[in-house]
Structure formats: structure tokens, C-alpha cells
S.K.: 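Here it is, the structure in full.
This is a predicted model, so every value here is computed, not measured. By convention in this document, chain letters (A, B, ...) are assigned in the order of the sequence lines, proteins followed by strands, and residues within each chain are numbered from 1.
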Protein chains: 2
Amino acid sequence: MTDDANKTLVLPNFLPYKLAVLSNRISRGIADQYEERFQLTVPEWRVMAVLGGEPDLSASQVADRTAMDKVAVSRAVKGLMKADRLLRHFSATDKRRSVLKLSDSGEVIYAQVVPIAIDYEDAILNELTKEEQSQLNVLLNKLQDIEINTAHPV
Amino acid sequence: MTDDANKTLVLPNFLPYKLAVLSNRISRGIADQYEERFQLTVPEWRVMAVLGGEPDLSASQVADRTAMDKVAVSRAVKGLMKADRLLRHFSATDKRRSVLKLSDSGEVIYAQVVPIAIDYEDAILNELTKEEQSQLNVLLNKLQDIEINTAHPV
DNA sequence: ACACAATAGTTTCAAAAGAAACTAATTGCA
DNA sequence: TGCAATTAGTTTCTTTTGAAACTATTGTGT
């Protein structure tokens, strides 16, 4: 079969579809455990997650590290500030640039959510053998780095 | 380390996060190739994708197979009908139940989008060895089937 | 020094997604 | 039979998301 026009598309076997379903299920599963309990949206948690490990980032640095866009970060920061989970000041040398970190109460929440997230990851990984865990890691890293280059004619 | 409270969360190494970023990138990459070109939204394409391979499904059967909810299917069907890409009638034995299939023009579009989707999948898989492709398949199937059971105390 | 481009972040407006209520048809069973 | 519960699908209302325009500040080239 050299002619791809003959191939069929079976959704449940289609890699992008399988990834999307799996990823949604996992993200939702974690979010379900912190959303109502800590009054946190998913983008808010992502911002907290990155600042918990690396404080004093600007909003655009947060955006880089979370793969969120700057509008989403801006909104998440707004929500977190309102709930006093975040401290912000602006750089003295560049008044546009914000400097963000968790507040004390933000740190408390961070310390509670981290184990929930890690337990969830563990619960997944525990279903795999050591070997499979390692394979998964290698594969995801490799896929992360590839540059997708469609051959299909336009 | 038996106490998970000491573990740290490094977002770029966190499985759910890696899956989400990868999946979004891939889904967006494919959608970018059909959205404007065929005036198709992602849910609309999913509905077409499933009906192209298996015609005469009802809306709720489509929802099952696509992991979409019934509201999303209803809206996608509405859009596709309006653009004459779908034919619908209602079952004679159960007047609630719709019977959906691609129209002729829907088939034409389906036949054009399928190779785009498959090429995209191929472009990804080609970055992996045969062995890795097989591992990925096994892993995703396994992950798909697991029932996630968090140990974290509430 | 000054105009123009670039960057950081916010706001606004429109499209998309989700939840809940609703209509209509069918099923189950007292 | 006939009435409550269930199922299929749609509509409505609210929230979320995304894109584009906007403000403020800084950088760059002449």
C-alpha cells in the first residue's frame, strides 16, 4: 500500500484521538479533586504549580513554562490575586514586567495540592511496569521534541 | 522516600501535563489543516469521521464513539446539516432516534480530510522506530483501560 | 534626541463549551 | 390501560476560551 488514499480512519485507533481522550480524562480527574475543594480553576492551578517550584517569574515566563497563552495567565493571575494566593510587584528596572510569587496562603494550598497531583500520577504509573514507565517517559519526551511535518499536498 | 509529602512537582516532567501539551499540539495541528479549508469545526469533523466509517448511527451512538457529550453532537449535527454535509431521518420504529449519514458532498469532504489526518499521524509515527510505535500503541491502550484510583486521603 | 518597532500585560468582544431545563417519544410495570 | 420513569435530542443560559485591539513601557536605529 503506497497510496494513502486507500487507508481508512478508525477513530478509536487514531493516535491523536486516543491521546486527546486519555489526556482529557486524566486532566479532568485531577481537576475534580482540587477545583471545588480549593476553589481553583485549572489555569489558576497551573500558574500556582509553576510559581511554587520557581518563584519570582513574570507573567510571560509563567506563560512559557505552562504552555498557556498570556491572556489565560493574566486571567489566572487576576483570580489568584483576588483570592490572596499570589503576590505581585513590578520590576523596578522594567515597569512592565511583573514579579509573581505565591503568598503565604498560596503556599499552604500549593503544599496541599501537590500531593494530590503526585498521587494521581502515581496511581496511573503504578498500572505500568517499571519498564513500561520508562518507555512512556522516553516516548513522550521524543514526541514532545519532534517537529511535525505533514507530507500532504496542499 | 516513603513519604510523598516530600516529593516536588516539576511541571515539565509531570505526566498529565506532558500529555496535555502534546495532545493539544497535535489536535491543533490537524485542525489547522481542515478548519478554514473545509469550514469545519473540531466537533463537526469528529462527527463526520465516525459517520464516514460507520453510517446510519444515531446521535447518541455518535456521542459514544467520539467521547463527545450529546449537546456537542447536537450542535455539530446542526452545523453539518446546515452546510448539507449530513443527511438525517428519524427511525420509523422510534421517532426519537435519528439516523445520520454523510451526504454526497459530505463524503467528498470526508475523502479529502481523511488523508490529511492520516498523513499527520504518519508524520508523528515516522519519528519513532517500529519498536517505539508498537510500545506507544501498547501503552496507550493500557492507559486507556486503567481505572484511576487515587490513594490520597480526603 | 526622537520616531518607530517591540514587549508586557490588560481589556473587550465574539465564538465555543458545559450544565440544566425542556420537549417529545418510548418503556416498564402496577 | 395508564402513569411514572427513562431515553433521545434540543434549547437556553452561563461560563470559558480565544483573537484582536488597546495601554504603557522599553528598546532600536538614525
S.K.: Given the structure, check if the side chain of B:R75 and the base of C:dG18 hold any donor-acceptor pair shorter than 3.5 Å.
M.R.: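 Answer is yes: a donor-acceptor pair is held.
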S.K.: Using a 4.0 Å heavy-atom cut-off, does B:S98 contact any base of the nucleic acid, only the sugar-phosphate backbone, or nothing at all?
M.R.: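 Answer is sugar-phosphate: B:S98 comes under 4.0 Å of backbone atoms only.
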S.K.: Check every atom of D:dT11, D:dG9, C:dT10 against the side chain of A:V71 and return the nucleotide holding the closest atom.
M.R.: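 Out of D:dT11, D:dG9, C:dT10, the nucleotide with an atom closest to A:V71's side chain is C:dT10.
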S.K.: In Å, rounded to the nearest 0.5 Å, how long is the span from OH of A:Y110 to CG of B:L9?
M.R.: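 Result: 5.5 Å between the selected atoms.
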S.K.: Examine distances only and state if a side-chain atom of A:S98 and a backbone atom of A:L100 form a donor-acceptor pair shorter than 3.5 Å.
M.R.: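 No, because the side chain of A:S98 does not come within donor-acceptor range (under 3.5 Å) of the backbone of A:L100.
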S.K.: Using a cut-off of 4.0 Å on non-hydrogen atoms, how would the nucleic acid contact of B:K70 be classed: base, sugar-phosphate, or nothing?
M.R.: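 Base, at least one base atom sits under 4.0 Å.
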S.K.: In whole Å, I'd like the distance from the CE atom of B:M81 to the C1' atom of D:dT10.
M.R.: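 In whole Å, D:dT10 C1' and B:M81 CE are 13 Å from each other.
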S.K.: Which comes earlier along DNA chain C counting from the 5' end, the contact point of A:K78 or that of A:R97, where each point is its nearest nucleotide?
M.R.: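 In this pair, the answer is A:R97.
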S.K.: Using atom NE2 of B:H89 as one end and atom C1' of D:dA8 as the other, report the distance to the nearest whole Å.
M.R.: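 These atoms are roughly 15 Å apart.
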S.K.: Under 4.0 Å between any heavy atoms, over every strand shown, what does B:T93 touch: base, sugar-phosphate, or nothing? Just pick one.
M.R.: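 It contacts sugar-phosphate atoms only.
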S.K.: Of the nucleotides D:dT26, C:dA17, C:dA20, which has the atom closest to the B:P43 side chain?
M.R.: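 Selected nucleotide (nearest to the side chain): C:dA17.
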S.K.: Taking the side chain as everything from C-beta on, heavy atoms only, tell me whether A:R85 gets closer than 4.5 Å to A:Q39.
M.R.: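 Contact flag for A:R85/A:Q39 side chains = yes.
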S.K.: Rounding to an integer number of Å, can you tell me how far A:D94 CG sits from D:dT28 P?
M.R.: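 So the CG-P distance, A:D94 to D:dT28, works out to 12 Å.
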S.K.: Round to a whole Å and report the spacing from CG of B:D69 to C1' of C:dA17.
M.R.: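 Distance, rounded to whole Å: 8 Å.
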S.K.: Taking atom P of C:dA24 as reference, at what distance in whole Å does atom CZ of B:F90 sit?
M.R.: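 Going from B:F90 (CZ) to C:dA24 (P), I get 13 Å.
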S.K.: Rounded to whole Å, please give me the gap between CZ in A:R46 and C1' in D:dT17.
M.R.: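 Checked: the CZ to C1' distance equals 14 Å.
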S.K.: Distance-only, no hydrogens or angles: does the A:N137 side chain make a donor-acceptor pair with backbone N or O of A:Q133 under 3.5 Å?
M.R.: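 No, because the side chain of A:N137 does not come within donor-acceptor range (under 3.5 Å) of the backbone of A:Q133.
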S.K.: Send over the distance from A:N24 CG to C:dA16 P, rounded to a whole Å.
M.R.: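 It works out to 18 Å between those atoms.
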S.K.: Can you check whether any acceptor in the base of D:dT7 is under 3.5 Å from a donor in the side chain of B:R96, or vice versa?
M.R.: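 Indeed there is one.
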S.K.: Indicate, with a heavy-atom threshold strictly under 4.0 Å, whether B:R88 touches base, sugar-phosphate, or nothing.
M.R.: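 Contact class for B:R88: sugar-phosphate only.
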S.K.: Can you figure out which of D:dT11, C:dA17, D:dT26 approaches the side chain of B:S74 most closely?
M.R.: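 Ranking D:dT11, C:dA17, D:dT26 by closest atom to the B:S74 side chain puts D:dT11 first.
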S.K.: Is the closest side-chain heavy-atom distance between B:R65 and A:L11 below 4.5 Å?
M.R.: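 No, side chains not in contact.
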S.K.: What is the distance from CD of B:E44 to P of C:dA15, rounded to the nearest Å?
M.R.: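 Atom-to-atom, B:E44 to C:dA15, this comes out as 14 Å.
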S.K.: Would you kindly compare A:T41 and B:R28 by the position of their nearest DNA chain D nucleotide and give the one closer to the 5′ end?
M.R.: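 The answer here is A:T41.
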